[in-house]
Number of protein chains: 2
Amino acid sequence: MNISTRSNDALVRRFQAVAEETRLRIVQLLSHGERCVCELQGDLGAAQSRLSFHLKKLKDAGVVSDRRVGRWVYYALVPESLEEMRSFLGEVKPETPWAGRMGGGGEPCC
Amino acid sequence: MNISTRSNDALVRRFQAVAEETRLRIVQLLSHGERCVCELQGDLGAAQSRLSFHLKKLKDAGVVSDRRVGRWVYYALVPESLEEMRSFLGEVKPETPWAGRMGGGGEPCC
DNA sequence: TTGACGCATCAACGGATATTGATATATCAT
DNA sequence: ATGATATATCAATATCCGTTGATGCGTCAA
């Protein structure tokens, strides 16, 4: 590996978290406000165990937070995390700067 | 599965594409303009075969496009795809609408 | 036409990830 | 204290994904 292998680990984990059908769905549902697991279960028609697995992934990645209320656990989005991903996709900052490619010419590159 | 299993397939594939260290890096590099594979090889210090594999993933997901020029193939970002992901993370639209949760009370949910 | 170069594809392997069913833990109601 | 409910965790399994080295294919230069 190279210099600038200063890994974007957290960011990658966040994208991974969202990069799955069930979890993407969960994010959509949570965008309306917090929900407890049993509600999500109903909305998604997913087995409890499966749902719990995916919620853990999302939580470990920092995409959602949880809060216990009696026997229920409510999950909610963590806006900062979504914003972080969003801003990556928007600005996409440099690692190693270089001069922009010269006008449409056919110069070799290697 | 449920109603509203109208799968977000394309979107999921795009997030998957970005959800890997090497590919995230590639996106960063391409954000400055198109690059050919051999240039990326230098920047990333990755084996040719490996790089080709990841570029294919990105391309199949619609995140990058390629264009051949002589013996070189130049890859570039597809801005619409990035924008699509971005807007998902921003607005996160409903699938199944429902009334917002009532003021912070402790009502059971199931 | 031959050889070098840039890139893609393939097969094999190992490691990660998702699904399921069973079990554990905590909280509440009786 | 007992049993029911909400959720988490675990073990087993199947599938997917990334890496590597080898090979194939198109393109250019001599």
Side-chain angles (χ1 to χ4, degrees), chain A residues 1-2 5 7-9 12-26 30 34-61 63-76 105-110, chain B residues 1-2 5 7 9 12-27 30 34-61 63-76 105-110:
Chain A
M1 300 228 191
N2 257 359
T5 302
S7 70
N8 299 300
D9 207 31
V12 168
R13 292 233 315 293
R14 278 166 200 180
F15 278 119
Q16 274 189 76
V18 169
E20 202 268 350
E21 186 65 40
T22 302
R23 293 192 298 254
L24 195 77
R25 216 50 94 45
I26 292 174
L30 294 182
E34 61 174 11
R35 308 279 274 156
C36 73
V37 179
C38 56
E39 285 175 307
L40 293 172
Q41 239 174 289
D43 294 333
L44 295 169
Q48 187 271 317
S49 166
R50 183 155 86 94
L51 197 44
S52 206
F53 169 81
H54 288 301
L55 286 168
K56 182 165 171 34
K57 285 271 174 183
L58 285 166
K59 188 182 159 196
D60 289 349
V63 172
V64 305
S65 60
D66 62 347
R67 122 188 130 86
R68 165 154 238 136
V69 176
R71 358 183 189 182
W72 299 283
V73 177
Y74 289 89
Y75 282 86
E107 301 89 351
C109 50
C110 315
Chain B
M1 299 228 192
N2 258 0
T5 300
S7 69
D9 206 32
V12 168
R13 293 233 316 292
R14 277 167 201 176
F15 279 120
Q16 277 188 70
V18 169
E20 202 268 351
E21 187 65 43
T22 303
R23 293 192 298 254
L24 196 77
R25 217 46 96 45
I26 292 174
V27 170
L30 293 183
E34 60 175 11
R35 307 280 276 158
C36 73
V37 178
C38 58
E39 284 174 307
L40 292 172
Q41 240 173 288
D43 295 332
L44 295 168
Q48 188 269 316
S49 166
R50 183 155 88 94
L51 197 44
S52 206
F53 169 81
H54 288 300
L55 287 168
K56 182 165 170 34
K57 286 269 177 185
L58 285 166
K59 188 183 160 196
D60 289 349
V63 172
V64 305
S65 60
D66 61 347
R67 124 187 127 89
R68 165 153 236 137
V69 177
R71 358 183 188 182
W72 298 283
V73 176
Y74 289 90
Y75 281 86
E107 301 88 352
C109 52
C110 313

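Order of the sequence lines fixes the chain letters, A, B, ..., with proteins taken first and strands second; residue numbering starts at 1 for each chain.
Residues satisfying the side-chain contact (heavy atoms from CB on, under 4.5 Å) criterion with Ala76(B), sequence neighbours excluded, are Glu34(B), Ser65(B).
If you check distances only, the side chain of Gln48(A) does reach the base of dA8(D) with a donor-acceptor pair under 3.5 Å. The base of dT9(D) sits within donor-acceptor range of the side chain of Ser49(A), with an N or O pair under 3.5 Å.
Gln16(A) has no side-chain polar atom (N or O) that falls below the 4.0 Å cut-off from OP1 or OP2 of dA16(C). Residue Lys57(B) places at least one side-chain N or O closer than 4.0 Å to OP1 or OP2 of dG18(D). Side-chain N/O atoms of Arg68(B) include none lying less than 4.0 angstrom from OP1 or OP2 on dT27(D). Between Tyr75(B) and dA8(C) there is a side-chain N or O to OP1 or OP2 distance below 4.0 Å. In this structure, His54(A) reaches the dT19(C) phosphate: one of its side-chain N or O atoms is under 4.0 Å from OP1 or OP2.
For Glu20(B) and dT17(C), the CD to C1' distance is 14 Å, given to the nearest whole Å. If you take CG of Leu58(A) and P of dA18(C), they are 10 Å apart, rounded to a whole angstrom. In this structure, Leu40(B) atom CG and dA8(C) atom C1' are separated by 15 Å, rounded to whole Å. One interatomic measurement links the two molecules: CZ of Arg50(A) to C1' of dT13(D), which rounds to 16 Å at whole-angstrom precision. If you take CZ of Arg67(A) and P of dA6(D), they are 17 Å apart, rounded to a whole angstrom. We find that CD of Glu21(A) is positioned 19 Å from P of dT17(C), with the value rounded to whole Å. When the P atom of dT5(D) is taken as reference, atom CG of Leu51(A) falls 19 Å away, rounded to whole Å. Atom pair Phe15(B):CZ and dC17(D):C1' shows a separation of 20 Å (rounding to whole Å applied).
Distance alone, capped at 3.5 Å, places no donor-acceptor pair between the Arg23(A) side chain and the Val18(A) backbone. With hydrogens and angles disregarded, no donor-acceptor distance shorter than 3.5 Å links the side chain of Gln41(B) to the backbone of Ala47(B). Of the possible polar contacts, none joining the Arg35(A) side chain to the Leu30(A) backbone as a donor-acceptor pair under 3.5 Å is found.
Each of Arg71(A) and Arg23(B) has a nearest nucleotide on DNA chain D; the 5'-most of these lies closest to Arg71(A). Position along DNA chain C of the nearest nucleotide to Phe53(B) versus Thr22(A) favours Phe53(B) as the more 5'-ward residue. Both Val73(A) and Gly70(B) lie close to DNA chain D; mapped to their nearest nucleotides by heavy-atom distance, the more 5′-ward contact belongs to Val73(A).
Asp43(A) contributes atom CG, which lies 10.0 Å from atom SG of Cys38(A) (distance to the nearest 0.5 angstrom).
The shortest heavy-atom contact between Leu55(A) and Val64(A) is O-CG2, 4.2 Å. Of all heavy-atom pairs spanning Asp60(A) and Arg13(A), the tightest one is O-NH2, 2.8 Å.
Between its opening and closing five pairs, the helix from dT1(C)-dA30(D) to dT30(C)-dA1(D) changes axis direction by 20°, a value rounded to 10 degrees.
Among the nucleotides dT19(D), dA6(D), dT9(D), the one closest to any side-chain atom of Trp72(A) is dA6(D).
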